[in-house]
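Heads up: the structure comes next, in structure tokens.
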Amino acid sequence: MSDLRVRFAPSPTGYLHIGGARTALFNYLLARKEQGTYILRIEDTDVERSTQQSVDAILQAMDWLGLSYDEGPFYQSERFDLYKQKVQQLLDEGKAYKCYCSAETLTQKREAAMERGDKPQYDETCRDLEPRDDDSPYVIRFKSQRAGATSFNDRIKGTITFENTELDDMIIQRTDGTPTYNFVVVIDDAEMGLTQVIRGDDHVNNTPRQIQIYNALGYALPEFAHVPMILGADKKRLSKRHGATSVMDYRVMGYLPEAMVNYLVRLGWSCGDEEIFSMDDLIEKFSLDNVGRSAGVFNPEKLLWLNEHYIKTGDPQRLGELLKEYLEKDGVQITADIDCAEVVKSLQDRSKTMVEMAEKAAFYFSDSLVFDGKAQAKFITAVLGRERCLARLDHAITLAQ
RNA sequence: GCGCUCAUCGUCUAGCCUGGUCCAGGACACCGCCCUUUCACGGCGGCGACAGGGGUUCGAAUCCCCUUGGGCGUACCA
């Protein structure tokens, strides 16, 4: 056991998507390789958008991929007391302040600034207000450093620096009293003792703000590692427009979890010329050192190829059990006299997905034979004679049995 | 717009840090041939890239600068 501690922290506002799964995988791999601790934390501070169904869907997907965690799942919604306490601490120390600007005014000002071509930043109207007991609605903002710059050494991207003037006073507590992401993520990452924070590229911009909060709260900084985004074929951020982006959709489409894991890990990470990796290989070989810096395009065809590979080389017994599930979904009556492992063996080389295998396997469980149109036209010819051909077939089947 | 960031075949990538062994290697896809009286599998081969321009150097995919293009961010979302 090493003292490495990492986490996967999805927000339960939908299913587990391809990008999230890869982040989860990278974290998992590193934790297992270094024999560290893998933590799962549910980021549900947005009460409006978070649902239990989403949590379940994410948990199920992680389980399917084989990504087990050591601690958690922790729910941020159950830790509001802790966050409140930290907000109060910042307030007491003069590192945060109440802001009475309404959301409407803010939106107006932001739009006006954009029209003028200025930066859409908070104008600090309430930053230096005298503390007062006012029960009109307010949010709490973090008083950011105005001078200097904030920089950090990203494990994947190297040194990244932001001028502090780029960072405005962000909201850490909403009008309704709930805390916001950029604030709680720091508290939890720090309180949970994370040694590295491995997350998507889209968080690079948040990092300097978070660092200021680490500093304000007196926490030690973890190491940051930002992995590049996954894009669609049009080089836009991967979304539903590009097809299935939910990990579990791929299970429905007949993909094996090892194919998904293998595909995902190679998108952004490499190990020389190797393409095929089992989970054990990965735990042995994975390293942040070989993670690339540029965004990658999701390529369903390569995923399909990997799936084909794992079906071809998979254990017939196991695939047989799996096949039954797909067969049942197709409404096929499974009879006990047929050994599914044998069925799998006959179909492994000709199926790219389990769905395809189920389609091809259906005839084993059917009483009536339906011939393939093209094959029938080609082989059951006048020359050979339909009757003789069927007789031969019948003979062949008898022999096979 | 501004900020951050990225840049090798259509796609995923090796090589870049520690310049020469790279007229750039592997994989997916695609094309062709072989195997096969089915469908596939498989084998062999082909097509195909250092974004552009300047430097530095005897020598640059590798180092520096600029340009161009892409991504991300710019929320009382995460």
Side-chain angles (χ1 to χ4, degrees), chain A residues 9-14 20 42-46 48-50 76 99 101-104 106-107 110 113-122 137-141 151 154 156-158 160-163 165-168 170-182 184-185 199-209 226 228-231 233-238 263 265-276 289-290 292-306 308-309 312 346-352 356 360 371-372 374-376 378-380 384:
Chain A
S11 74
T13 53
I42 306 297
E43 311 231 317
D44 56 353
T45 53
D46 187 341
E48 297 293 304
R49 304 198 308 156
S50 303
Q76 292 188 319
C99 168
C101 300
S102 72
E104 296 73 50
L106 258 21
T107 313
R110 183 172 29 235
M114 293 226 269
E115 269 175 50
R116 266 181 278 121
D118 291 345
K119 288 183 206 302
Q121 287 195 151
Y122 176 60
Y138 63 85
V139 297
I140 294 174
R141 288 182 185 271
S151 70
D154 190 275
I156 292 168
K157 299 181 176 280
I160 299 178
T161 304
F162 288 79
E163 291 299 324
T165 50
E166 295 297 325
L167 283 23
D168 60 357
M170 65 172 173
I171 292 172
I172 59 177
Q173 188 181 99
R174 304 183 181 93
T175 308
D176 66 3
T178 58
T180 59
Y181 167 75
N182 277 119
V184 298
V185 73
R199 75 224 312 191
D201 216 345
D202 48 341
H203 287 289
V204 172
N205 300 273
N206 292 327
T207 309
R209 300 166 180 285
H226 289 98
M229 297 277 87
I230 298 178
L231 277 21
D234 58 358
K235 299 285 180 81
K236 299 291 179 199
R237 188 185 189 140
L238 191 66
Y263 178 72
V265 80
R266 278 286 290 110
L267 192 50
W269 173 84
S270 62
C271 184
D273 283 343
E274 290 182 63
E275 292 288 349
I276 305 296
D289 294 338
N290 305 313
R293 291 127 308 198
S294 49
V297 174
F298 179 72
N299 182 352
E301 285 174 333
K302 188 154 184 180
L303 206 207
L304 218 210
W305 171 72
L306 281 162
E308 197 181 341
H309 169 82
K312 209 176 305 174
S346 74
L347 264 17
Q348 270 179 306
D349 279 348
R350 23 175 72 74
S351 312
K352 295 181 189 219
E356 194 184 338
K360 292 187 197 302
F371 295 101
D372 176 75
K374 266 193 277 180
Q376 188 171 0
K378 191 169 180 181
F379 297 102
I380 305 183
L384 201 51

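The structure displayed is predicted, hence computed values, not measured ones. Throughout, protein chains are lettered first and strands after them, A, B, ... in sequence-line order, and every chain is numbered starting at 1.
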Checklist outcome for this item: Per the O4'-C1'-N9-C4 / O4'-C1'-N1-C2 angle with a 90° window around 0, B:C41 comes out syn

Measuring to OP1 and OP2 of [N], would you say a side-chain N or O of [X] lies under 4.0 angstrom away?
X        : N     : answer
A:Lys235 : B:U11 : yes
A:Arg266 : B:C28 : no
A:Ser294 : B:G70 : no
A:Lys236 : B:G71 : yes

Item to check | Salt-bridge present (A:Lys236, A:Asp234; N to O < 4.0 Å) | outcome: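 Not counted as a salt bridge, because no side-chain N and carboxylate O are separated by less than 4.0 Å.
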
At under 4.0 Å between heavy atoms, what does [X] touch on the DNA or RNA strands: base, sugar-phosphate, or nothing?
X        : value
A:His226 : nothing
A:Cys271 : nothing
A:Val139 : base
A:Ser351 : nothing

Rounded to the nearest Å, what distance is computed from the [atom1] atom of residue [X] to the [atom2] atom of nucleotide [N]?
X        : N     : atom1 : atom2 : value
A:Asp289 : B:C16 : CG    : P     : 13 Å
A:Leu306 : B:A29 : CG    : C1'   : 13 Å
A:Arg199 : B:G73 : CZ    : C1'   : 13 Å
A:Glu275 : B:A27 : CD    : P     : 8 Å
A:Asp168 : B:C76 : CG    : C1'   : 13 Å
A:Ile230 : B:C6  : CD1   : P     : 18 Å
A:Trp305 : B:U11 : CH2   : P     : 19 Å
A:Lys352 : B:C39 : NZ    : P     : 15 Å

Counterpart base for [N], defined by Watson-Crick or G-U wobble contacts under 3.5 Å:
N     : result
B:G46 : B:C30
B:U18 : none
B:U74 : B:G1
B:U38 : none
B:U68 : B:A7

Using atom [atom1] in both nucleotides, what's the gap between [N] and [M] to the nearest angstrom?
N     : M     : atom1 : value
B:G19 : B:A60 : P     : 14 Å
B:G25 : B:C64 : P     : 25 Å
B:G15 : B:U21 : P     : 16 Å
B:C34 : B:A40 : C1'   : 16 Å
B:C47 : B:G26 : C1'   : 16 Å
B:A29 : B:C76 : C1'   : 47 Å
B:A14 : B:A61 : C1'   : 12 Å
B:A49 : B:C28 : C1'   : 16 Å

Next on the checklist: Return whichever of A:Arg141 or A:Leu231 has its heavy-atom-nearest nucleotide of RNA chain B closer to the 5' end.
Outcome noted: A:Leu231

Item to check | Residue mapping more 5' on RNA chain B - nearest nucleotide basis, A:Gly268 or A:Leu303 | outcome: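 Counting from the 5' end, the first nearest nucleotide belongs to A:Gly268.
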
Nucleotide nearest [X] when distance is taken to its side chain, options [options]:
X        : options             : answer
A:Pro120 : B:U38, B:A75, B:A27 : B:A75
A:Glu308 : B:A78, B:C76, B:C41 : B:C41
A:Ser270 : B:A14, B:C28, B:G70 : B:A14
A:Arg237 : B:G73, B:A29, B:A78 : B:G73
A:Asn182 : B:A78, B:U13, B:C28 : B:A78

Next on the checklist: Between A:Ile230 and A:Leu267, does the side chain to side chain contact (heavy atoms under 4.5 Å, CB included) criterion hold? Intermediate values first, please.
Outcome noted: CA-CA 8 Å; A:Ile230 298 178; A:Leu267 192 50; 3.8 Å; yes

Checklist entry - Going by atom types alone, do A:His226 and A:Asp154 pair a side-chain donor with an acceptor below 3.5 Å? => result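 Yes, a side-chain donor-acceptor pair sits under 3.5 Å.
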
Next on the checklist: Using 0.5 Å steps for rounding, measure from the CG atom of A:Leu106 to the SG atom of A:Cys99.
Outcome noted: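 Here the rounded value is 6.0 Å.
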
Next on the checklist: Can you tell me how far apart OG1 (A:Thr45) and CD1 (A:Ile42) are? Round to the nearest 0.5 Å.
Outcome noted: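 Rounded to the nearest 0.5 Å, the OG1-CD1 separation comes to 12.0 Å.
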
Between the side-chain atoms of [X] and the base atoms of [N], is any donor-acceptor pair under 3.5 Å?
X        : N     : result
A:Asp202 : B:G73 : no
A:Thr175 : B:C76 : yes
A:Asn206 : B:A78 : yes

Checklist entry - Between A:Thr178 and A:Asp176, does a side-chain hydrogen bond (donor to acceptor under 3.5 Å, both in side chains) hold up when you go through it step by step? => result CA-CA 6 Å; A:Thr178 58; A:Asp176 66 3; 2.6 Å; yes

In the structure I gave you, are the side-chain heavy atoms of [X] and [Y] within less than 4.5 Å of one another anywhere?
X        : Y        : result
A:His309 : A:Leu304 : no
A:Thr180 : A:Gln173 : no
A:Asp289 : A:Trp269 : no

Next on the checklist: Below 30° counts as parallel, above 60° as perpendicular, anything between as tilted: where do the rings of A:Tyr263 and A:Phe298 land?
Outcome noted: perpendicular

Checklist entry - Taking atom OH of A:Tyr122 as the centre, does the number of heavy atoms from other residues, nucleotides or ligands within less than 6.0 Å exceed 12? => result yes

Detail all sub-3.5 Å separations between protein N/O atoms and N/O atoms belonging to nucleotides 2-5 of chain B.
unit_1 : atom_1 : unit_2   : atom_2 : d
B:C2   : O2'    : A:Lys119 : NZ     : 2.5
B:G3   : O4'    : A:Glu166 : OE1    : 3.4
B:G3   : N2     : A:Asn205 : OD1    : 2.8

